[in-house]
Protein chains: 2
Amino acid sequence: MERKTTIHDIARELNTTAATVSRALNNHPSISAATKEMVRETAARLNYRQNKLASSLRSGRTHTIGVIIPSAEISFFGSVVHGIERVARSKGYRVLLFQSNEDPSCEAEGIEALLQSKVDGIIASVAKETTRYQHYLEVKERNIPLVLFDRVDDSLQVPSVVIDDYKGAYMATMHLIEQGYTRIAHISGQQHIKIFNDRLRGYADALRVRGLPVEDDLIAYGKVSVDSGRDCTDKLLSSAVPPDAIVAVEDFTALGAMQSIKRIGLHIPREIGLIGFANEAFSSYITPSLSTIDQQTIKMGEEAALLFLDLRKKKENGQTNAEKIVLDPVLLIRESSQRINV
Amino acid sequence: MERKTTIHDIARELNTTAATVSRALNNHPSISAATKEMVRETAARLNYRQNKLASSLRSGRTHTIGVIIPSAEISFFGSVVHGIERVARSKGYRVLLFQSNEDPSCEAEGIEALLQSKVDGIIASVAKETTRYQHYLEVKERNIPLVLFDRVDDSLQVPSVVIDDYKGAYMATMHLIEQGYTRIAHISGQQHIKIFNDRLRGYADALRVRGLPVEDDLIAYGKVSVDSGRDCTDKLLSSAVPPDAIVAVEDFTALGAMQSIKRIGLHIPREIGLIGFANEAFSSYITPSLSTIDQQTIKMGEEAALLFLDLRKKKENGQTNAEKIVLDPVLLIRESSQRINV
DNA sequence: ATGAAAGCGCTAACAC
DNA sequence: GTGTTAGCGCTTTCAT
């Protein structure tokens with residue numbers, strides 16, 4: 001195994017010192033252009049590669065942002081990560097990705113790993129099952145910049161970026177009302193997760209504004225999955241006075257609802273309207289295509305990265321505050337909810 | 001900003017030395033149980049957290065595997081990563097993820113970053129557009145364990161895990177033949193990518209074995225995307241003697257094909273059969289559900305991680321070889337191809 | 001514009 | 001079983 005070349009090797013070759021080489025490589029202003037040129041040439045010739053470990057150990061900065069996502073198999077998160085990466089990369093940061101698999105202890109492990117790796121900051125979306133936030137609190141207490149997105153917890157008091165879930169659900173419900181649906185049900189999720197509760201409120205308020213009934217029988221509480229969406233819909237449709245439209249808490253739930261509706265043989269959107277939330281990749285592909293609320297994923301990632309950069313700067317100045325960015329949801333009208341004007 | 005506690009702080013507290021603390025924390029055999037206990041207690045009390053940077057710099061090992069995937073938005077890769085993580089974690093490794101976004105230069109950057117971070121090894125799937133393998137060769141030359149999965153390049157001579165793409169396409173085509181389709185088309189991808197070429201051969205051989213025509217008119221070469229699948233199918237269906245079934249090179253292509261077929265108004269599977277490749281998450285959700293070839297993603301990830309572990313061991317013994325693991329594909333028969341026995 | 005020297009936090013020989 | 005010492009490869013004062 002060949003020894004790796006270090007800045008000392010380059011220094012020896014050029015009859016100079018490691019300090020000069022280091023400065024040249026880092027484009028330090030007080031190094032002459034000539035020296036920089038020579039150093040770079042020699043570095044390339046010797047196939048030199050900087051050891052980030054040593055560099056970071058010494059400088060105290062890794063130029064790495066740790067990102068924790070619940071699952072890489074949900075395209076929403078993949079897309080947000082793209083946004084984060086775009087901004088991060090342009091500012092010289094790299095992104096280290098961790099999946100929590102929706103599991104709080106795995107999430108804690110991930111945070112631990114990121115802290116040990118001395119990342120410069122953490123951007124995260126909270127796992128569905130997480131109810132205690134000790135591991136996140138510790139990040140904050142250690143003064144490591146922490147930014148949350150989408151699934152946030154306000155009690156943590158950290159900067160975050162979300163879309164207006166209340167407004168999204170309100171828009172979705174209003175859209176169904178305008179399409180002439182009058183008995184509109186909602187499949188919600190775990191109520192300790194803020195975004196699900198917000199969507200529930202948006203749904204209910206839209207009905208109220210238009211004088212439509214907000215009945216307990218019209219609201220199902222599921223676990224936010226295809227299976228749960230199917231089960232909840234089975235129940236809703238078999239009730240005494242079934243709904244003629246459904247607002248699903250997100251697209252996978254809507255997918256389950258669609259399966260249930262098809263099995264019963266009702267026509268979407270003629271006999272029953274359906275709208276999801278998230279604009280998952282598959283939502284435009286399925287038949288009928290699923291109306292949904294777009295969450296501005298790329299923008300969400302970009303804003304999260306910008307919040308992190310902000311936080312770093314403020315940290316240097318000793319400032320601190322918990323800015324909250326709220327993005328506007330976008331209503332996407334597709335086949336599943338379009339009963340008129342077709 | 002509070003100073004971080006180090007092993008020296010713990011040592012001072014206990015009137016011992018950093019070395020002892022380090023050994024205790026690492027569960028070194030020659031440290032007494034009593035000492036270990038005290039050290040651990042004090043470490044916990046002082047809220048100590050190991051600095052992996054320093055540890056890795058000194059020991060030369062990071063216990064990190066770098067994984068390069070073309071895109072986090074394709075569930076196939078997310079799933080393989082799960083498999084990798086499962087094995088890696090059980091052996092004390094963590095996984096650092098990088099997206100190449102199917103872009104060769106981004107891929108090279110990712111490798112560079114991983115090398116600088118001194119990962120213990122790299123597991124990768126090659127970006128679609130990559131045709132030169134210099135960046136991968138360098139990994140190998142630097143003696144960093146490198147394992148490829150799915151999209152591999154045999155000329156690199158590194159261990160790899162793939163499924164038998166030839167066999168998968170052969171099975172898919174044979175299944176369509178058995179369902180009574182007689183004029184079966186294939187939408188392929190870029191031919192410099194081995195797996196696409198393998199699938200093409202599997203398709204052709206199945207037809208030959210059963211004495212069906214293998215015509216140039218029945219083979220379309222696309223770019224492996226929903227759009228490309230749609231365009232290719234438009235072309236295939238508008239030909240003089242259109243096919244009565246299509247083997248798509250993968251599921252997104254099949255999705256595009258399905259859109260095209262629906263637009264024309266043909267019934268799947270009665271008038272035209274369709275099968276994909278990959279078992280993407282959406283394939284079971286769409287209507288009609290898509291028959292496809294499962295690629296054993298979790299297993300693929302697990303095997304890739306095992307190959308890496310193997311490689312590490314062999315490296316210590318100075319051995320080297322390029323084992324290739326070939327997994328068996330699994331035919332999933334769903335609605336889109338099932339014309340008989342319904 | 002460059003050099004000398006110190007040290008980031010940890011581990012690993014080698015002592016005893 | 002524990003202490004001593006050295007140094008991983010780099011950056012960063014402080015000199016000059």
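Naming: A, B, ... by sequence-line order, numbering from 1 per chain.
Listed for the A:S125 side chain is no donor-acceptor partner under 3.5 Å among the backbone atoms of A:D150.
Regarding A:H28, its NE2 atom lies at a distance of 13 Å from the P atom of C:dG3, rounded to whole Å. A straight line from CD of A:E37 to P of C:dA1 spans 17 Å, rounded to a whole angstrom. Atom NZ in B:K118 sits about 8 Å away from atom P in D:dC10, given to the nearest Å. Distance NE2 (B:H8) to P (C:dG9): 9 Å, rounded to an integer number of Å. In this entry the distance linking CG of A:N51 with P of D:dG7 reads 18 Å, nearest Å. For the pair A:R61 CZ and D:dG9 P, the computed distance is 24 Å after rounding to whole Å. At whole-Å resolution of the value, NZ in A:K4 and P in D:dC10 are 12 Å apart. Taking atom CD1 on B:I7 and atom C1' on C:dG7, their separation rounds to 14 Å, with Å as the unit.
Between A:Y93 and A:F308, the ring-plane angle classifies as perpendicular under the 30° and 60° cut-offs.
Here D:dG9 is the nucleotide among D:dG9, C:dT2, D:dT12 with the atom lying nearest to any side-chain atom of B:L57. The side chain of A:N26 has D:dT11 as its nearest neighbour among C:dC10, D:dT11, D:dC10. Here D:dG7 is the nucleotide among D:dG3, C:dA6, D:dG7 with the atom lying nearest to any side-chain atom of B:R58. For A:T6, counting side-chain heavy atoms from C-beta on, the closest listed nucleotide (C:dA4, D:dC10, D:dG3) is D:dC10. Residue A:A19 has its side chain nearest to C:dA4 when only C:dA12, D:dG9, C:dA4 are considered. Checked against D:dC8, C:dT2, D:dC10, the side chain of A:S30 finds its nearest nucleotide in C:dT2.
If you find the closest nucleotide of DNA chain D to B:T35 and to A:A54, the one lying nearer the 5' end belongs to B:T35.
Between B:D310 and the options B:K313, B:K314, B:R312, a salt bridge (charged side-chain N to carboxylate O under 4.0 Å, His left out) holds for only B:K314. With A:V147 as the partner, the side-chain contact (heavy atoms from CB on, under 4.5 Å) test is satisfied by one option alone out of A:L307, A:I122, A:I325: A:L307.
When heavy atoms are screened at a 4.0 angstrom cut-off, A:S55 is found touching the sugar-phosphate backbone but no base atom. Using a 4.0 Å heavy-atom cutoff across all strands shown, B:T16 reaches sugar-phosphate atoms only and no base atom. Counting non-hydrogen atoms under 4.0 angstrom, A:S32 reaches the backbone sugars and phosphates but no base.
Between B:S22 and the phosphate of C:dT11, there is a side-chain N or O to OP1/OP2 separation shorter than 4.0 Å.
Using a 4.0 Å cut-off between a side-chain N of Lys or Arg and a carboxylate O of Asp or Glu, A:E102 and A:R151 qualify as a salt bridge.
At a cut-off of 3.5 angstrom, counting only N and O atoms as typed in the model, there is a donor on one side and an acceptor on the other between the side-chain of A:R23 and the base of C:dG3.
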